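Positions are given from 1 along the sequence. This is a predicted model, so every value here is computed, not measured. The analysis underlying the following values was restricted to heavy atoms, covering all of them including side chains, and did not include hydrogens, waters or symmetry mates.
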Amino acid sequence: QVQLVESGGGLVQAGGSLRLSCAASGRTFSRYGRGWFRQAPGKEREFVASITWLGGSTYYVDSVKGRFTISRDNAKNTVYLQMNSLKPDDTAVYYCASSNSSSYSIHQSDYRYWGQGTQVTVSS
């Protein structure tokens, strides 16, 4: 059974940091691009960051550039999202996903497997 499990979410004050992890099992995810998306209350799910299968290329939505860093450890089948200088607008459920190719993508339709999400709440 293919499974993606996120962890590391929680409540943090503005300006603080969190590190999200997404562990994969049931499939060799190392050859596929991975991504993070988020959904704030009352809003549609949006792209946050993506990384190629070797980790050589990354892509971020403008609102998190310079604050968030996506990385991966293929030996552990795990992708990370380091979030620094958090803002209340970053409050959302964060989802990790595995794409259908080795490249990165900002499009949800390019991702085949999804985790259940982890809540991140940033207080002002």
Side-chain angles (χ1 to χ4, degrees):
Q1 180 180 359
V2 175
Q3 198 171 20
L4 298 176
V5 179
E6 302 98 335
S7 62
L11 173 64
V12 64
Q13 288 188 331
S17 299
L18 284 174
R19 188 194 194 203
L20 305 184
S21 299
C22 176
S25 62
R27 180 196 189 205
T28 302
F29 285 91
S30 59
R31 292 187 178 273
Y32 296 91
R34 302 280 287 275
W36 286 95
F37 293 77
R38 67 185 180 186
Q39 186 168 20
K43 296 185 178 181
E44 295 186 352
R45 188 161 59 184
E46 66 170 356
F47 168 79
V48 176
S50 183
I51 188 168
T52 54
W53 77 282
L54 284 176
S57 295
T58 56
Y59 192 83
Y60 301 90
V61 67
D62 286 346
S63 60
V64 308
K65 284 181 181 177
R67 300 188 298 122
F68 290 12
T69 302
I70 187 172
S71 62
R72 66 189 296 164
D73 184 341
N74 286 340
K76 296 181 179 181
N77 243 353
T78 300
V79 65
Y80 306 96
L81 186 67
Q82 178 66 45
M83 307 185 294
N84 299 328
S85 302
L86 282 162
K87 305 175 181 180
D89 284 349
D90 295 318
T91 295
V93 176
Y94 283 71
Y95 300 89
C96 72
S98 177
S99 79
N100 296 319
S101 75
S102 60
S103 183
Y104 62 78
S105 174
I106 67 171
H107 304 292
Q108 296 184 50
S109 59
D110 288 334
Y111 290 83
R112 181 177 181 183
Y113 297 102
W114 293 81
Q116 293 300 306
T118 185
Q119 177 69 48
V120 171
T121 303
V122 185
S123 63
S124 58

More than 12 non-hydrogen atoms from neighbouring residues, nucleotides or ligands closer than 6.0 Å to NZ on K65, yes or no? yes
Using the six-membered ring of Y80, assess whether NZ or CZ of R19 lies under 6.0 Å from its centre and within 45 degrees of the ring axis. yes
Do V5 and Q116 pass the side chain to side chain contact (heavy atoms under 4.5 Å, CB included) test, and can you show the C-alpha distance, the side-chain angles, and the key distance before you say yes or no? CA-CA 7 Å; V5 179; Q116 293 300 306; over 6 Å; no
Find out if a path of hydrophobic residues (ILVMFWY) with successive side-chain heavy-atom gaps under 4.5 Å connects V48 to I51. yes
Closer than 3.5 angstrom, by distance alone: can the side chain of Q82 be matched with the main-chain N or O of I70 as a donor-acceptor pair? no
Kindly say whether Y94 contributes a backbone atom to a donor-acceptor pair with the side chain of T118 at under 3.5 angstrom? no
Rounded to the nearest 0.5 Å, what separates atom CD in E44 from atom CZ in R38? 14.5 Å
With a 3.5 Å distance limit and no angle check, can you tell me whether R112 reaches the backbone of N100 through a side-chain donor-acceptor pair? no
If I take atom SG from residue C22 and atom CG from residue N77, how far apart are they, to the nearest 0.5 angstrom? 9.5 Å
Ignoring hydrogens and angles, tell me if any N or O in the side chain of S50 forms a donor-acceptor pair with the backbone of R34 under 3.5 Å. yes
Any idea which heavy atoms bring S124 and A14 closest together, and the distance? CA-CB, 4.4 Å
Apply the side chain to side chain contact (heavy atoms under 4.5 Å, CB included) test between F68 and each candidate in L18, N84, L81; give the one that qualifies. L81
Under the 3.5 angstrom rule, does the side chain of Y111 hit a backbone N or O of I106 as a donor-acceptor pair? no
Think R72 forms a cation-pi with W53, using NZ or CZ under 6.0 Å from the six-ring centre and within 45 degrees of its axis? no
Let me confirm one number: the OG1-CD distance from T91 to Q119, rounded to the nearest 0.5 Å. 7.5 Å
Here the gap from S123 atom OG to Q13 atom CD, rounded to the nearest 0.5 Å, amounts to 5.0 Å
Look at the side chain of Q108 and the backbone N and O of F37, then say whether any donor-acceptor pair between them is shorter than 3.5 Å. no
Less than 4.5 Å apart, side chain to side chain, heavy atoms only: is that true for S105 and Y59? no
In one Ile/Leu/Val/Met/Phe/Trp/Tyr side-chain cluster, 4.5 Å: Y60, Y95: yes
Taking the side chain as C-beta and beyond, is there a heavy-atom pair between Y104 and D110 under 4.5 Å? no
Given 3.5 Å as the limit, does a donor-acceptor pair link the side chain of Y113 with the main chain of C96, or not? no
Check: S25 main-chain N/O paired with Q3 side-chain donor or acceptor under 3.5 Å: no
Is the side chain of S103 donor-acceptor paired with the backbone N or O of S101 at a distance under 3.5 Å, no angle test? no
Can you get from W114 to Y32 by hopping between Ile, Leu, Val, Met, Phe, Trp and Tyr side chains that sit under 4.5 Å apart? no
Side-chain ion pair, K87 and D90, N-O less than 4.0 Å: no
Are L4 and V120 co-members of a hydrophobic cluster defined by side-chain heavy atoms under 4.5 Å apart? no
